[in-house]
Structure formats: C-alpha cells, structure tokens
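Report on one structure; see the data block that follows.
Numbered from 1 within each chain, the chains take letters A, B, ... in sequence-line order.
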Protein chains: 2
Amino acid sequence: MKKAKPPPSPPTSATAHEARRVTSYDVALAAGVSQSAVSRCFKPGASVSKETYARVMAAAAELDYIPNAAARSLITRRSNMVAVIISNLTNLYYPEALSELSQQLVRHGKRVLLFNLAREADVDQALADVWQYQVDGVIASAGLSDAHIGEFERRHVPLVMFNRAASDQRMHSVNSVLCDQRDASRMLVSRLAAAGHRQFAIVDGPADSSASAERRQAACERLAELGLPPPVVVTGNHDYRSGADGLRAVIAQLGRAPDAIICGNDVMAIGCLDCARHELGIDVPGRLSVAGFDAVEPSNWLSYNLTTLRQPMQKMAAAAADLLANLIDSHDTQAERRVFGAQFIAGATARLVALKPQPLAA
Amino acid sequence: MKKAKPPPSPPTSATAHEARRVTSYDVALAAGVSQSAVSRCFKPGASVSKETYARVMAAAAELDYIPNAAARSLITRRSNMVAVIISNLTNLYYPEALSELSQQLVRHGKRVLLFNLAREADVDQALADVWQYQVDGVIASAGLSDAHIGEFERRHVPLVMFNRAASDQRMHSVNSVLCDQRDASRMLVSRLAAAGHRQFAIVDGPADSSASAERRQAACERLAELGLPPPVVVTGNHDYRSGADGLRAVIAQLGRAPDAIICGNDVMAIGCLDCARHELGIDVPGRLSVAGFDAVEPSNWLSYNLTTLRQPMQKMAAAAADLLANLIDSHDTQAERRVFGAQFIAGATARLVALKPQPLAA
DNA sequence: TTGTATGCGTTATCAC
DNA sequence: GTGATAACGCATACAA
C-alpha cells in the first residue's frame, strides 16, 4: 500500500459549512492507484488496464466523483463551452435558432453560454465576459462591428456569424452561415409582380438587422429591373405593433393602400395583416397582398397562413455547429461562408396569380 | 527593478500556432509590480494604492490582459455561471422566461449556461454536465424527480425550481418560484360558470407538466363544488396541433361541442380556436368559449384576443434570480417558496356574461 | 499597501 | 500500463 502524498493536509475540518469537494486524489486513494491513473480513466482514448479502470470507476462511483471542468480547462485550454450571442430572444425567430444551435453543439460536446442582448449596446459588456469565460468559440446572431470582429482575431477566438452579415470589408474574412436574403427577396418580388402587383411597400426591420437591409435592397433592385415604381419604405422594429404602424404609415404616405406589402419578418407581417383585416377592413389578399420572412410557427396557423420565406434552420444550425467545431479543432484561418437558399411558402395572404383582365364596361 | 521569477521558462517559442495567453504575470512584469498586486487590482474591494492601480491598469490595457475565469473559479469556487434547465425552448412560453431570467441573473453578475432538453430523458445527461461545469447554482424549469433533487442536496448545489413543482414529498424542501395555478384555474372556472357555462372540457398538457396537472385538478374540483358535471378531459402536448386535435376528440367523446373548453396553454387554445372557427365553423365565443394559460404574445394578437391568464413573468424571474443569488452567497439551507398570483385576461374568446333568459316560446 | 509562497484540481510529460 | 512531477492562471494568508 502506497500512501498518496499530494493531499497532505486532511480537509481543513469537517466543520466547514461546505463539504470539501471530492477530487481525483480521493478517488486514487480509495482505488489504491495514483492520481494520474484516475485522470487517465476519465480521458476517452487513454491507455489503462481493464483492471485499474474498473477499480477506479468503482471508487469514483462510490465517492460521487465528478471531474472539475474548470481545472481541466485550465490545462487543456478547452472549456467545452460555446458562447451564443443573440440580439433579442423575444424575437420569435431566435428561440428556434437557439434551440437548434444548442442541440447541434451538444453533439459536438459543447454547451451553450448564453448572451442575450436586450439592447445592441450590451454587446460590449457581453464580449468582455466572453473573453473572461474562456469559451472555445462564439456563434453570433447579433450585429458586430468591424472592431468587434477584429478583437476575435486578436484573441484567436473562433467566430461564426449566424444569419448576420459582417460589413463589406469583413465579409470574406469572417466565417458565416447565412440564408440568401437577396435571392429570397427577389424571388418574392418576382412572384408578386408576375401576379400583377404594381405598387409595393416595404416595412423594413431595424437598422441593425443586416438581413432586413439586404432584403429591402434586393427588393428595390428587382422592382427597378421590372420597371415598376419604387416602393414606399417605412421602418419597423420586428414586433407586431410596428407591423400595424407600418401599414398605417404606408397608407398615409401613399394616400391609399399599396398592392403588396413586404414585411421584414413574419411578426410584422402578422401585425400588418391583422391591422388590415380587423382595423381597416382591407381584404387580404383580395385588395392587398402581405408577405413576411422566416416562417415562424404562428405564420402557419390557420388564422394567418402567411405567405413567407422559410430558412432551413436545422441545416443552418448544423452547419454553424460543424463549422465552429472544425475551427476549434484545427486552427484553420481560412474563412468560410455557407449560404443556404430560402424556400417560398405560398400561404394565402398574397395573390399569386394574375387577375383576369377586367371588361372595360361597367 | 526586481525580476519576476514565477514564469521561469520564456513562452516555449514564438512558433507555437496559438499565441501564449497574456497572464497576470505578464502584466506584473510590465507594470513592475508583483503578480498578487495585479490580482488585487481586478478584485473590487481590494486595497491598492491609486498609483499602482493606475500602472497595473495601463499595463493590462497595453497587453490586452483579461483575467481567466477558469483559473479564478478554481480557487474562489465561484464560476459565476448559473445553469438554466428548460424542458423545451420551442414552447412559446419559455423564451420569455429565459430572456427574463438571463437579464435578471446578469444583474447579479451571473451568466447563463443553457440546458435545453429536447426530450425529458435528456435531463440525466444535462445534470451530469451541470456537475462538471461547476455552476454556482441552477434554475430548473423542467421536470426533476426526487432522486434528481436529492443529488442537488448531496452536492450542495443551490437549486431553484421555476414554475415547476417538485413532488409532494419534496415540495417544502426545495426552493421554488411559482404561479398559483390552482387559484388561477379556479378563478377561470368560476368566471365561466357564472356566465352560465355548464359542460366543460379540458385539453390538458403533457403528463410531465406539473402546472398543467394542477390546473386540471383545480378546475375539476371547482366544477364539483359548483355542482356542475365533470369535464371531458383529453391530453395534448402543448403545441398548436394538439389543441385542434383536442377539440375534435372532445366533440367525438361528447357527441357535441362543450360550452367551454379550457386549454393547458395558449398555443393549444389557439389551435383549438382556429379549428373551431376555420374547420368546424363553430362560433367562438357565441357557441363555445375557449380559454388558455400564459398570455404569450400571440394570444394578444387581434385575430385571437384570447381569454387567458397571465403569469407575472418579470417578477417571477426577478424573484428566482434573487433567491438563487441569496442561496449562493449565504449557504442558507431553509427552503423557500415564492408564489405569485395570475392575472385574468378577459380577452374575447370566452363569453363572460350570462345569456339573457330565452323566452320559452319559439 | 505590497511581495512571497502556496494551493485550487486537473492534464501532460516523462521516466519506469 | 503506471506513477512522480511540473505546469495551467489565479487568489489568498501571511510576512514585511
């Protein structure tokens, strides 16, 4: 019997109000092996004899031993934590994204440290904490400035932008998983234009949403290509209320309802829709077509059945997790962009076929 | 000039593919002070002279030094992380809860390590990880068995149950923040009964939801007290589809529509409502009253304007964060239960006034 | 107020 | 395969 020296002082005393934690030394002592043997038993690919492994595991179970991740990460430089930075969880779109990301990351052995930004200004404090917590990498679905992104590089912390574009300068130097907003938006405009809509309106998302901005730009471009009048554009903030407000503002500006209104996300589209139907008595899609983005769950409810565009969330989350895991394992420096296409959901809030030509006579 | 001994070997070499991290020793060297002085500068209440503080901070800024939370937590036994265990993030109710909890915890200097359980069975793996990560405490909004709760006690990890009740045995030995489901449910039944509804139906939540079970029980009790017939009860799983299915099942079982149907949450109520109105052509609230629970955002949308009960989420989240923070700071062993009342939201999907007595003649 | 010395609990390196 | 020993980066008791 060898005595283990390392834990020289017996736990200060039993009177400590918090029991001393069980460490690998305790297990080693109980199993009659060295501490390093215990350590090896908890490392997947290590070389341990079957016999010692069994004895160690028995002792560990007996003592309720659990390895301390903080100590481990100190030496391995891996915390097995990934920070997920999200700009506003109450946005109906994010919970699904977060849920998928979390599940995919678990498959790579990573847990999510959550940073939910109530205001965009909170990003600085969030990043300060991110550095402290020694996360292995970051998935950001929030607006990051070039300066922020630069800090990731300096600190060698892998970053994947999720559904958020970096600035044009940074675009090709930062890893990202995106949905092709331009293509989706152009597709939507084309379908609506083909059905004969001429006067469009756009209820844009807030200024810090890169996706909304791309959608708006692409829509404007496509309208110009088709020789249609420029759309009325108003700004919302992605919530229900601002959809309704947006519709009213558009009507005020235009003097009448437009033919079609494209909203920066589904919740605004639903706000717009409810306002049209229940407050203004406008027939949708008879006199007004309404479309959204994201295909969040309520968009599919019978009362709405919204015309919208679905992003392949599961694939995107899986791609983000894979990309980040690769970045972490192989300090790759070559940035990658994975772009996914959106799926058009016809719904029933937009007229998608041309009207029969009306006879001129009354 | 004293030389700092502790970092004896110069960083192995500059060729390492990952730059060596900046430590407090580096800052100490640059500032011409000891490592412990640097440490003190980053501890709020420590005693440091203004002068050294300034020099240390200057050096730290120069070198981009950030304290390593893993190393810190190893010695302080505080990770400043709180695990939040949530049973299913895609449940519309949880994102709001998580968002509030996250914000409240940040106010206490804690960050959220997220455990999102896709299946209830994942709780074991989640807890195994919880122990490893050395979180300071746990907020659980998921079903925990007595055995699970016992493990928290053995490991001295503070636990607050959020909107989930423990078993009757454990009820008074575990900290919890709750909404009075019984009272809310009785209030709802009373209001509906007073308006003349006689035949009730209940679309219950899944078996693992303690809140749903309490609501159902209380509703049944109150109906019995009022001398009304027992309700038809069917089981759903908290999603839109199961609300619609629930209504159909109730009608099949009863041979007709009930007077009032109470759903285990808002999303099921909305599913029920849409099914009644758009599929079955039942007038709500004319011939059928529908009520939900939680007052999630869509319940307030014009197309629904649901009769429901709101839980004071912000207060509850604040209470949970406070409670947990106290538990962490003062190893208090006395369990506490904070129960909040729900607020009745009248909405427009339930008839809340008695019908005028009908003349008997046709 | 400041510096020295020590330990937190683990993994990694190296002889054996 | 196994055990000593040295980090990992920081906070703390204690001496100065």
Handout entry: Five-pair end axes of the helix from C/dT1-D/dA16 to C/dC16-D/dG1 and the angle they enclose, rounded to 10°
Key =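 Inter-axis angle at the ends, rounded: 30°.
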
Scan side-chain atoms only and decide if [X] and [Y] contain a donor-acceptor pair under the 3.5 Å cut-off.
| X | Y | answer |
| --- | --- | --- |
| B/S87 | B/Y94 | yes |
| A/S49 | A/T52 | yes |
| A/N163 | A/S141 | no |
| B/S79 | B/Q134 | no |

Exercise for the section: May I ask you to decide whether B/R338 forms a salt bridge with B/E336, counting only side-chain N to carboxylate O separations under 4.0 Å? Expected result: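 Yes, this pair counts.
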
Problem - Salt-bridge criterion met for B/K315 and B/E100 (N-O under 4.0 Å) - result: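 Judged by the 4.0 Å cut-off on N to carboxylate O distance, B/K315 and B/E100 do not form a salt bridge.
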
Handout entry: Distance test, side-chain N/O of A/R77 to OP1/OP2 of C/dT11, below 4.0 Å
Key =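 No.
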
Whole angstrom is fine here: how far is it from [atom1] in [X] over to [atom2] in [N]?
| X | N | atom1 | atom2 | result |
| --- | --- | --- | --- | --- |
| B/Y133 | C/dT10 | OH | P | 15 Å |
| A/D26 | C/dT10 | CG | C1' | 13 Å |
| A/N80 | C/dT10 | CG | P | 15 Å |
| B/R78 | C/dC8 | CZ | P | 17 Å |

Practice task
Using a 4.0 Å heavy-atom cut-off, write out nucleotides 10-16 of chain D from 5' to 3' as B (base contacted by protein), S (sugar-phosphate only) or - (no contact).
Solution key: BBB----

Exercise for the section: Mark yes or no for whether A/T23, through its side chain, and A/Y25, through its backbone, hold a donor-acceptor pair below 3.5 Å. Expected result: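 Answer holds: yes.
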
Problem - Exam field: side chain A/R40 to backbone A/V48, donor-acceptor pair closer than 3.5 Å - result: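 A pair under 3.5 Å: no.
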
Handout entry: Given DNA chain C, 5'-ward residue of the pair B/A37 and B/L74, judged by closest heavy atom
Key =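 Here B/A37 is the residue nearer the 5' end.
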
Practice task
Would you indicate what A/S73 reaches in the nucleic acid, counting non-hydrogen atoms under 4.0 angstrom: base, sugar-phosphate, or nothing?
Solution key: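 No contact at all - A/S73 keeps every heavy atom at 4.0 Å or more from the nucleic acid.
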
Handout entry: Result of checking A/D329, A/L327, A/I328, A/L105 against A/D136 for side-chain contact (heavy atoms from CB on, under 4.5 Å)
Key =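 It is A/I328; the other options fail the test.
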
Handout entry: Contact nearer the 5' end of DNA chain D, comparing B/A70 with A/E51
Key =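 Looking at DNA chain D, the more 5' nearest nucleotide goes with A/E51.
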
Practice task
Among C/dG3, C/dT2, D/dG9, find the nucleotide with the atom closest to the side chain of B/V33.
Solution key: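 Of the options given, the side chain of B/V33 lies nearest C/dG3.
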
